[in-house]
Amino acid sequence: MDHFQPTDGVLHAEQVSLEKIAADVGTPVYVYSRATLERHAKIFREALSPLGDPLIAFAVKANPNLAVLKVLQRQGFGADVVSGGELMRALAAGMPPGKIVFSGVGKTDAELSLGLDKAIGQFNIESREEGRELAALAAARGEEAQACLRINPDVDAKTHAKISTGKAENKFGVPLTHAREAFAELAALDGMNLRGVAIHIGSQLGDLEPLETAFAKVGKLVDDLRSTGHTITHVDLGGGLGVPYRKGEILPSPAEYGELVARASKGWDVQLTFEPGRLIAGNAGVLLTRVVRVKRGGNGPPFLIVDAAMNDLARPALYGAWHDFDAVKPTGERMMANIVGPICETGDTFATDRDCDALAAGDLGVFRTAGAYGATMASSYNSRGFVAEVLVDGDKYAVVADRIDAGAIMDAERVPDWLE
Ligand SMILES: *Cc1c(COP(=O)(O)O)cnc(C)c1O
C-alpha cells in the first residue's frame, strides 16, 4: 500500500495534489511520500521482530536522497553503502557509523581508509585481495577492521540477469567452494576482525525459494567455520525482496520473508543484518511528468511523448522494466499508447502498446514505483539536466533535490585556451 491516491479526482501524494507540485516545481519531478517510507520501514522491522534486534541497513544506492535517508535514520535504520560517496551521505543523514555496512567489489584504498577513518560498523569483503588490503591498512593504523566475508552461494535468484548477484559467474563475493580457505587466511591477519559472513543474491526477487537455498548454504558454512575454531557472531543476509510494479501483482510479503529467515537462522546465535533497498523505497515514489504532445500516424498506437525520459528513469531502457502509468486527473477514458520520452534513442521507451488513462498534450501523468533505482540512476544524457526531487509529509512538501539544469552542468566544463 502506498499514499499516492486520488482525492476529488486528482492524484495526491498524501494530502498534497500532484497538480500543485507540478505547477510549483515543474516537471519531470520525483515525488516521495514520507508516510509510505515509514510504513514500509515499520512493516519490515515488524516482520523481523522475532529475530531479536537485527540491524536494518537501508541500501543507499536504491535512493540516496538525504531527506529520504533522514526519514529512515529516524526509523532506526542504518545504511548499506557501496561507495565513499554513499558513505558520506549516510553520515550526513545522521546514521551512526556503527550502523553502516560497506559493500562492493571495487572499494579503493581511499574508500577503505575512509571507512576506517569513520569507524564504520562493518566492511563486507568481496575477495581475498580486498581483505588483505583492508587488513594491511587497518594494521598500519594500529586498528582492527570489523568485517564479514561476502559469499557467492551460486544460486539462481530468478530475477533479471543484470540484477542477479549470487551466481558463480557474477562478480560478487567469494565462491562458497573457496570460502573456508579464504576465511581462514583473512581471519588470521593482523588488522582484521573477521566475525561473520554476508550474502546478497540479487534484486527484485519474486520467489523466496532461492533465498531459502542460499540461507541454508550460509547456515552450513557457519557450522563449518565454527567447527574449525572460528568465532562467528554476525551474519548479513542482504536485501533483494521484490515489490509489485503492476497493479495486482503479488510478491512474497515481508512477513513470509521474516518467517523464512526465522526458520533458516534457527540456532545460528548471531547478530543479523538486512540490507533492504527497493522494498522500502520503491512504492514510496512516483515520477511526475507532463505530456508534451501526442504523435499519431505511425503503424501502431499513438506515441504519448512525455517530458520525462530514460535519463530520468532508466529502468525501462536498462532492464525492459514495467512501470504502471496513470493520469493525475483521469477522465475515465482509456487509450492505447506507446509512452516515450524526448531522447534521441528508440530505447527511450517507457511502454509499448500500453492500455492507459487517455491523456492529451499538457496533461500530467505518473510512473509509479519509481522511488527506488529512479533518480539515483539519472544522467544528463541529451544535456537534459538532473531531475528535481520532492518529499511530501502530510499536507506539506519540500524540494529535497534541486533540478540541476543543463547550464549548471555546462559550468563544470572548460575549453582549454589552446583550443580557443
Ligand atoms: C543493491 C544491494 C542491496 C539492495 O537490494 P534491493 O533489491 O534494493 O533490496 C543490498 N545489498 C547489496 C550488497 C546490494 O548491492
Side-chain angles (χ1 to χ4, degrees), residues 37 40-41 43-45 47-48 54-65 68-69 72 77-83 85-87 90 99-107 111 115 120-127 130 147-153 157-167 170-174 196-208 210-211 214 218 234-245 251-254 257-258 261 272-285 315 318-319 321 369-377:
L37 285 166
H40 293 167
I43 288 174
F44 192 68
R45 181 173 293 291
L48 300 175
L55 171 61
I56 305 178
F58 176 65
V60 172
K61 75 175 190 284
N63 190 324
N65 182 276
V68 169
L69 297 184
L72 297 173
F77 276 38
D80 172 55
V81 303
V82 294
S83 71
E86 287 191 354
L87 174 53
K99 288 188 178 178
I100 297 178
V101 177
F102 201 161
S103 305
V105 297
K107 301 180 207 78
E111 288 175 317
I120 62 164
Q122 182 169 306
F123 292 88
N124 283 348
I125 297 169
E126 303 234 9
S127 62
E130 182 194 346
C148 280
L149 185 64
R150 180 166 174 183
I151 305 305
N152 184 324
K158 297 185 195 150
T159 186
H160 193 282
K162 288 184 185 171
I163 49 174
S164 171
T165 56
K167 286 178 81 177
N170 299 145
K171 67 182 174 183
F172 301 97
V174 172
V197 294
I199 55 163
H200 171 70
I201 64 168
S203 197
Q204 187 54 13
L205 308 184
D207 186 350
L208 291 180
L211 284 171
V218 168
H234 289 69
V235 171
D236 181 338
L237 293 176
L241 269 195
V243 299
Y245 279 92
L251 282 114
S253 70
Y257 174 78
V261 174
L272 288 172
T273 297
F274 298 89
E275 303 169 348
R278 193 187 308 267
L279 183 77
I280 305 298
N283 282 305
R315 299 187 65 260
L318 203 53
Y319 315 127
T369 317
Y373 307 103
T376 179
M377 284 189 176

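First listed ligand is number 1; within each ligand, the first listed atom is number 1. Along the sequence shown, residues are numbered consecutively beginning with 1.
Cation-pi geometry between R315 and Y245 is met: the NZ or CZ atom falls under 6.0 Å from the ring centre, inside 45° of the normal.
Close approach of ligand 1 to S103 (heavy-atom distance below 4.0 Å) involves ligand atoms 13 (C). For ligand 1, the atoms closer than 4.0 angstrom to any heavy atom of G239 are 9 (O), 10 (C). Interface of P276 with ligand 1, defined as ligand atoms under 4.0 Å from a residue heavy atom, comprises 9 (O). Ligand 1 places these atoms under 4.0 Å from at least one heavy atom of G277: 6 (P), 8 (O), 9 (O). Those atoms of ligand 1 that come under 4.0 Å of a heavy atom in R150, given as number and element, are 13 (C). Atoms of ligand 1 lying under 4.0 Å from at least one heavy atom of R278, given by number and element, are 6 (P), 8 (O), 9 (O).
Within the 4.0 Å heavy-atom shell around ligand 1 one finds D80. For the pair Y373 and ligand 1, a heavy-atom separation below 4.0 Å is found. For G240, the closest heavy-atom approach to ligand 1 falls below 4.0 Å.
For the residue pair N63 and T376, no side-chain donor N or O sits within less than 3.5 Å of a side-chain acceptor on the partner. Side chain to side chain, R150 and S103 fail the donor-acceptor criterion of an N or O pair below 3.5 Å.
Side chain of H40 to main chain of I280: a donor-acceptor pair is present (N/O by atom type, distance under 3.5 Å, no hydrogens or angles).
Here N283 contributes atom CG and L37 contributes atom CG; the two are 10.5 Å apart, rounded to the nearest 0.5 Å. Within the model, atoms CG of D80 and CG of L87 stand 11.0 Å from one another, a figure rounded to the nearest 0.5 Å. R278 CZ to S203 OG: the interatomic distance, rounded to the nearest 0.5 Å, is 3.5 Å.
Ranking the protein heavy atoms by distance from atom 1 (C) of ligand 1 puts K61 NZ, 1.2 Å first. S203 OG, 2.3 Å is the protein heavy atom nearest to atom 7 (O) of ligand 1. Of the protein's non-hydrogen atoms, E275 OE1, 2.6 Å is the one closest to atom 11 (N) of ligand 1. The protein heavy atom nearest to atom 5 (O) of ligand 1 is H200 CE1, 3.3 Å.
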Before giving the answer on side chain to side chain donor-acceptor pair (under 3.5 Å), spell out for E126 and N124 the whole-Å C-alpha distance, their side-chain angles and the decisive distance to 0.1 Å.
CA-CA 6 Å; E126 303 234 9; N124 283 348; over 6 Å; no
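K107 and E130 are joined by a salt bridge, as a carboxylate oxygen and a charged side-chain nitrogen come within less than 4.0 angstrom of each other.
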